[in-house]
Amino acid sequence: MALPIENYALIGDCHTAALIGTDGSMDWLCFPRFDSGACFAALLGGPEQGRWLLAPAGKVKSVQRRYRGDSLILETDFHTSRGSVRVIDFMPVSDERWDVVRIVQRLSGTVALRMELVVRFDYGSIVPWVRRSGDLLLITAGPDTLELAASVAVEGQNMKTVAEFSVRKGKRETFVLNYRPSHFQTRPSIDAGKALKDAAARWHQWASRCRYRGRWRDSVQRSLITLKALTYHPTGGLVAAPTTSLPEQPGGVRNWDYRYCWLRDATFALNALLLAGYDEEATAWREWLLRAVAGSPDDLQIVYGVTGVRRLDEVELPWLPGYEGSKPARIGNAASKQFQLDVYGEVMDCLHLARAAGMESHRDAWNVQLALLRFLETHWDRPDEGLWEIRGPPQHFTHSKIMAWVAFDRAIKDAEKEGLEGPVQTWRELRDRIHAQVCEKGFDAKNNTFVQSYGTQFLDASLLLIPQVGFLPADDARVVGTIAAIERHLVIDGLVLRYSTATVVDALPAGEGAFLACSFWLADSYLLTGRREEAEALFERLLKLGNDVGLFAEEYDPDAKRMLGNFPQALTHMALVNTARLLSIPAKKAKDAAARGERPAAKT
């Protein structure tokens, strides 16, 4: 069985990523990209689905782990009755090759260690051919080859590669696992010690660019490093998570593939990167966005592959037992074919933010926006599947209509400020029409709250974004009433549910954890409505829900005290950074900026 989600840590090379547990087992790794087939899939089953274990052979008394400074170099200290050792795990950042490096360092005494490598390509379904070539162990199946270079002797044992060894004083033992397409020639293995120094220097240099110096600097920096790790460097695309099928309810069917780039994250991502001074990453994300959405507006998808690929057909993997029996395990995502009205607003808001932040203008951006707006002019009143990608019948989701309003609002602001050409009067009329419709059909006057969709009394945490996008001011009685209603009906132990799954609006069995990004949005709402002490208290509590190395999943179960959903989750880390931003500026400045449809910059 895989470990609890929070027991994993992330390493990565800005092409792909691996998850390593507190037991020293690397239980998830896809090569060479985030969305490639996994060679270690024990996370969705057990060791027989592939893993790489490196840990003491005997009983472990305690484990401490940390990232080395502001880096993605993981250090795990194992303490036994006979001594202590440190395992250092990282992936060198390179555009030329893909490596995982594991180094074992003696801390005290003499500790017997075991290395166990079980490679199963294509998500645990393919047993490879293993052979030796000089000092390398070659592991091949079809298009994929892994090459293991080890400083200790390894041998085959029951379809595994194993080693038993100890580390002498003053010496390190090293393991380097390289991926290459099987038709490529073998190249010399990298020097593990030099690669470690280079990786430390590279991460330190990147982290030093962060301009945020506020009260929560450590948490913000760790979240930014995580977002960098989830970025596919060749294109600038940022995946929602490096995993698939980690459940929103253990044993349930809410198991989705998040190894793709969602347009819904566009503004949140850009805002978080610009806040901290990562202009290059922000520009790369904008360029990915413009390339991905190019084409006919009626073909716009909510999610794309890291290269911008559109075909993300959803497939079930019946041979995988699933995380804690949560089946089916899936790859691909059928939500890519859904119509979600809000993404048009997300794209427009993202490009508006880029201009407001002074990013160099892109000559094609406005033409893309004009095409999207022409489509939206005749499609904004269609029902859709909404922000949460429901698998039930389309509805007129209130948040979706609000984001259609955002699309026209940002276009008007950009045209007026930048002198860009467009049918501004038509946009003004549509903006006013959408606003009036939302206030009439999306508002429940009896309960003084906006609702999830027209004609219902259901609530939705996305309504917390109303003042942040400038649809209504934070002190509007309808906004205050909506926050109060969400507190009464969607808050469990201080944390926020996305919506009530008992309504069956998503056509799935009920049950999931509290959504962490929505909980950060509640902290934002507290701040914008003058409840600063409550905002800070909730923010501090949320920070404590991160694991021992500062990573957050998609959801949290307040009863079981555990993380749920894909991990680590980019949207959660974006929300953390953006809440820290809001808490770092005067509340009035944040309210005034939101009322203008702007994202205020933090003091850095």
Side-chain angles (χ1 to χ4, degrees), residues 240-241 244-249 252-258 260-268 300-303 312 314 330 333-346 382-404 406 438 442 449-466 468-469 482 485-486 489-492 495-522 553-557 564-566 569-572 574-575:
T244 180
S245 303
L246 291 184
E248 296 168 8
Q249 182 182 40
V253 299
R254 296 172 179 266
N255 318 314
W256 318 112
D257 193 345
Y258 273 21
Y260 307 115
C261 308
W262 265 259
L263 299 191
R264 73 178 182 208
D265 297 346
T267 304
F268 297 111
L300 184 71
Q301 295 187 181
I302 65 162
V303 57
L312 306 177
E314 189 170 289
R330 297 179 173 95
N333 202 306
S336 62
K337 302 304 180 185
Q338 290 185 349
F339 173 61
Q340 291 185 21
L341 190 62
D342 66 288
V343 298
Y344 295 87
E346 303 292 0
R382 281 179 52 186
D384 73 321
E385 279 86 1
L387 173 70
W388 306 126
E389 301 164 11
I390 65 159
R391 304 228 167 176
Q395 300 188 39
H396 291 283
F397 285 101
T398 302
H399 172 265
S400 296
K401 304 302 186 190
I402 289 171
M403 293 310 296
V406 166
V438 169
T449 180
F450 283 95
V451 292
Q452 183 179 53
S453 59
Y454 292 176
T456 74
Q457 292 184 328
F458 303 144
L459 294 171
D460 194 303
S462 63
L463 301 170
L464 292 169
L465 297 173
I466 287 175
Q468 290 197 50
V469 300
T482 301
I486 288 172
H489 300 292
L490 291 185
V491 172
I492 299 178
L495 305 177
V496 183
L497 300 172
R498 293 186 296 174
Y499 53 89
S500 173
T501 56
T503 64
V504 200
V505 66
D506 54 20
L508 294 168
E512 66 174 11
F515 205 75
L516 291 174
C518 296
S519 301
F520 283 107
W521 297 348
L522 181 59
E554 180 182 23
E555 300 181 5
Y556 186 82
D557 184 340
L564 297 172
N566 284 296
Q569 178 78 3
L571 186 60
T572 307
M574 294 173 201

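Of the inter-residue distances, the one linking Tyr499 atom OH with Ser462 atom OG reads 10.5 Å to the nearest 0.5 angstrom. Here the CD-CG distance, from Gln452 to Leu387, works out to 10.0 Å after rounding to the nearest 0.5 Å. Here CG of Leu459 is found 6.0 Å from NE2 of His489. Values are rounded to the nearest 0.5 Å. Asp342 CG to Ile302 CD1: the interatomic distance, rounded to the nearest 0.5 Å, is 8.0 Å. For the atom pair CD (Glu385) and CD (Gln395), the distance works out to 10.0 Å, reported to the nearest 0.5 Å.
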Could you go step by step and tell me if Trp262 and Glu389 meet the side chain to side chain contact (heavy atoms under 4.5 Å, CB included) rule?
-> CA-CA 11 Å; Trp262 265 259; Glu389 301 164 11; 2.4 Å; yes

Run the numbers on Leu300 and Leu263 for side chain to side chain contact (heavy atoms under 4.5 Å, CB included), then give the verdict.
-> CA-CA 10 Å; Leu300 184 71; Leu263 299 191; 3.9 Å; yes

Apply side chain to side chain contact (heavy atoms under 4.5 Å, CB included) to Thr501 and Leu508, showing your working.
-> CA-CA 8 Å; Thr501 56; Leu508 294 168; over 6 Å; no

Before giving the answer on side chain to side chain contact (heavy atoms under 4.5 Å, CB included), spell out for Phe397 and Ile390 the whole-Å C-alpha distance, their side-chain angles and the decisive distance to 0.1 Å.
-> CA-CA 11 Å; Phe397 285 101; Ile390 65 159; 3.5 Å; yes

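Phe515 and Trp388 have perpendicular rings, their planes meeting at more than 60° on a 0 to 90° scale where under 30° would count as parallel. Ring orientation note: the planes of Tyr344 and Phe339 are tilted relative to one another, at an angle of 30° to 60°.
Taking the salt bridge (charged side-chain N to carboxylate O under 4.0 Å, His left out) definition, one finds that Asp257 meets it with Arg259, sequence neighbours left out. For Arg391, the salt bridge (charged side-chain N to carboxylate O under 4.0 Å, His left out) partners two or more places apart in sequence, or in a different chain, are Glu314. By the side chain to side chain contact (heavy atoms under 4.5 Å, CB included) test, Ser519 is found to be paired with Leu495, Val496, Leu542, residues two or more places apart in sequence or in another chain being considered. Shown here are the salt bridge (charged side-chain N to carboxylate O under 4.0 Å, His left out) partners of Asp506, two or more places apart in sequence or in another chain: Arg254. Applying the salt bridge (charged side-chain N to carboxylate O under 4.0 Å, His left out) rule to Arg498 yields the partners Glu248, Glu512; only residues at least two apart in sequence or on another chain are considered.
A donor-acceptor pair under 3.5 Å is absent between the side-chain atoms of Ser336 and the main chain of Val303, judged by distance alone. Side-chain N or O atoms of Asn333 include none that pairs as donor or acceptor with a backbone N or O of Trp256 at under 3.5 Å. Between the side chain of Glu555 and the backbone N or O of Gly513, at least one donor-acceptor pair lies under 3.5 Å.
Within the 4.5 Å cutoff, no side-chain heavy atoms of Phe520 are placed close to those of Met574. Leu246 is listed as a side-chain neighbour of Asn566, based on a closest heavy-atom distance under 4.5 Å.
Of the options His399, Lys401, Arg382, a side chain to side chain contact (heavy atoms under 4.5 Å, CB included) to Leu341 is made by Lys401 and by none of the others.
Nearest heavy atoms, Ser400 versus Gly386: OG-CA, 3.7 Å. Of all the heavy atoms in Ala241 and Gln569, the pair that sits closest is CB-OE1, 3.8 Å. In plain terms, the two heavy atoms of Ala517 and Leu571 that are nearest each other are CB-CG, 3.9 Å. Residues Phe450 and Leu463 share a closest heavy-atom pair of O-CD1, 3.3 Å. Among all heavy-atom pairs drawn from Asn255 and Pro247, the shortest one is OD1-CB, 3.2 Å. Considering all non-hydrogen atoms of both residues, Ala461 and Ile486 come closest at CA-CD1, 4.3 Å.
Within the structure, no pair that satisfies the salt bridge (charged side-chain N to carboxylate O under 4.0 Å, His left out) test touches residues 452-466, not counting sequence neighbours.
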